[in-house]
2 protein chains.
Amino acid sequence: MPSAKLDPIDRMILAELQADGRMTNVELAKRVGISAPPCLRRVRTLEEAGFIRGYHADVDARALGFEVQVFASVGLVSQAEADLSAFEERCRNWPLVRECHMLNGEVDFILKCVAPDLSTFQTFLTEQLTAAENVASVKTSLVIRDAKDEPGVPFDVLEARMAAEA
Amino acid sequence: MPSAKLDPIDRMILAELQADGRMTNVELAKRVGISAPPCLRRVRTLEEAGFIRGYHADVDARALGFEVQVFASVGLVSQAEADLSAFEERCRNWPLVRECHMLNGEVDFILKCVAPDLSTFQTFLTEQLTAAENVASVKTSLVIRDAKDEPGVPFDVLEARMAAEA
DNA sequence: CGCATTTGCGAAATATTATTGCGCAGCGCG
DNA sequence: CGCGCTGCGCAATAATATTTCGCAAATGCG
């Protein structure tokens, strides 16, 4: 169930919904070239199979007063699984931390953080993050500007790959 | 227009749509405590004012065969604005690069990349990224796992802040 | 204060969309 | 060559979105 295979229409559906998650099913069906009912069935199937995790409005954080975006590289004292998990759990509970990725190499984690202003972030940094148990080192970098910010799947690459296999 | 002020209902709308971008307007109206027509008007206004940039399905990249996620720290030879812009433009044209953030500090950019497999990424790294004009250094880190991946606005922080101001 | 103006709400009507039920066609297999 | 499976599309029904309109509270000013 989790992974039936996807045909070109399924991939088109995913690409369209990634680009515009609020597209009506009628419009979507038109674009992928089938009628509305089977289109909706496919979407439901993709959702249930986990290909689509959810839908989200892309809200402008800056417009809402979150002026500061920071990447933090974190090294831990202990990399035992229990300690890694403990740190991850802490990250999940820090609202200012929006992403927490475990890495290979010298740094153990990279965090993407947001804050209303620098001083709020500094407070978080010194009182929470750096002060957290098992944290050995934290190096932060302020984001000056975003040249590209499009999380998601590059469907053009995917299609090229599928075409190549055929 | 770009920035009328937001009342608590607007912020609730943003929070709800960030959490579920496909919520029906009827359901949304119910949750924020107003009737459907004014609710829809507010949503449209928020969209036009730029608080909502768009809506996107959250597609599972791994399920689609993008097994590899990598952060790349890039240093340039020249940080003249023209050169920075040129690099950013190149990033926008690389499908495997999903995010490109300019940073302060020693590293000039951090890139979030995806790829179907390691060798695809290696090829991109050596033939495209490292080889690109003006690129001085590239350091990559493979993502082992994601503990948290919720880009977006921490509305709980926002509401606390608004409450404090009152 | 008190009246004009503005702003935003909600009921009702209408247009679109989502969703369900069902029959038909293509495909693999015995 | 016929049975069963899969997936499509048509048609009907249920929900939603969207527009229209009138009302009431907040605001500004004489």
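Just so you know, these numbers come straight off a predicted model, no measurement behind them.
One end of the helix from C:dC1-D:dG30 to C:dG30-D:dC1 points its axis 30° away from the other end's axis, with each axis taken from 5 pairs and the angle rounded to 10°.
Across C:dG10, D:dG9, D:dT16, the shortest atom-to-atom separation from the side chain of B:T24 is found for D:dT16. Ranking C:dT19, D:dT18, C:dG8 by closeness to the A:L40 side chain, first place goes to C:dT19.
Between A:G33 and B:V26, the one whose closest nucleotide on DNA chain D sits nearer the 5' end is A:G33.
Here C:dG8 presents its P atom at 12 Å from CD1 of B:I13, a figure rounded to the nearest Å. If you take CZ of B:R41 and P of D:dT18, they are 12 Å apart, rounded to a whole angstrom. A:R42 has its CZ atom 18 Å from the C1' atom of C:dA18, to the nearest Å.
When every heavy atom of B:S78 is checked against every heavy atom of B:N134, the shortest pair comes out as N-OD1, 2.9 Å.
Here B:E106 does not pair with B:K139 in a salt bridge; the nearest charged N to carboxylate O distance is not below 4.0 Å.
Under a 3.5 Å cut-off, the side chain of B:H101 and the backbone N or O of A:D146 do not form any donor-acceptor pair. Here the side chain of B:N25 pairs a donor or acceptor atom with the backbone of B:A36 at under 3.5 angstrom.
A donor-acceptor contact closer than 3.5 angstrom is absent between the side chains of B:S85 and B:E89.
Contact annotation: B:R44 side-chain N/O to D:dT18 OP1/OP2 distance is under 4.0 Å.
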